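Remarks on the structure that follows.
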Amino acid sequence: MEDNQNRTDKELLGKGLRKMVICLILMFLGPTTLHLAFSNSDKPLYIPLLIIAIILCILAIVFLFMGINTIMDSMFKKKK
């Protein structure tokens, strides 16, 4: 029975991997949007696009840490 408690929780691992996929998408969208904002600094949508790009970059970092934390919990957290 001891071996059964240390197994990886596959459902929690799936949730962690989904967060990492979202992070990967945001890691491409954020900098791309940021580049678009900086290359069009004379346009009227410069400020809103810049704000959206910064939010996307911050969300990528947040989802990265949440995904890693969830994956680590699925592997190393003991079940009751």
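Bear in mind that the values here come from a model prediction, so they are computed numbers and not experimental data.
Distance check: Asp9 CG to Phe76 CZ gives 13.5 Å after rounding to the nearest 0.5 Å. For the atom pair CE of Met66 and CG of Leu59, the computed distance is 9.5 Å after rounding to the nearest 0.5 Å. We find the CG-CD1 distance between Leu34 and Ile52 to be 12.0 Å, quoted to the nearest 0.5 Å. Atom-to-atom distance recorded for Leu29:CG and Thr32:OG1 is 6.5 Å, nearest 0.5 angstrom. Rounded to the nearest 0.5 angstrom, Leu49 CG and Lys43 NZ are separated by 12.0 Å. Between the CG atom of Asp73 and the CE atom of Met75 there is a distance of 10.5 Å, given to the nearest 0.5 Å.
Contact annotation: the side chain of Leu24 never approaches that of Phe63 to less than 4.5 Å [non-hydrogen atoms, C-beta and beyond]. Using a 4.5 Å heavy-atom threshold, the side chains of Asn40 and Tyr46 count as separate. In this structure, the side chains of Met20 and Ile68 come closer than 4.5 Å at one or more pairs of heavy atoms.
The minimum heavy-atom distance linking Ala53 with Gly30 is given by the pair CB-O, 3.9 Å. Scanning all heavy atoms of the two residues, the minimum distance from Pro31 to Cys57 falls at N-SG, 3.9 Å.
The hydrophobic cluster containing Phe65 does not contain Ile58, counting ILVMFWY residues as joined when their side-chain heavy atoms lie under 4.5 angstrom apart, directly or transitively. When hydrophobic clusters are built by joining Ile, Leu, Val, Met, Phe, Trp and Tyr residues whose side-chain heavy atoms come closer than 4.5 Å, directly or via intermediates, Ile54 is grouped together with Phe38. In the hydrophobic cluster analysis, where Ile, Leu, Val, Met, Phe, Trp and Tyr join through side-chain heavy atoms closer than 4.5 angstrom, Leu50 is grouped apart from Leu45. Residues Ile71 and Ile25 fall into different hydrophobic clusters, defined by Ile, Leu, Val, Met, Phe, Trp and Tyr side chains chained together at heavy-atom separations under 4.5 Å. In the hydrophobic clustering of ILVMFWY residues, with side-chain heavy atoms under 4.5 Å counting as a link, Leu26 and Phe28 come out apart.
Crowding of Met27 atom CE: a count of heavy atoms from other residues, nucleotides or ligands under 6.0 Å not exceeding 12.
Ser39 places a side-chain N or O within donor-acceptor distance of the main-chain N or O of Leu36, the cut-off being under 3.5 Å.
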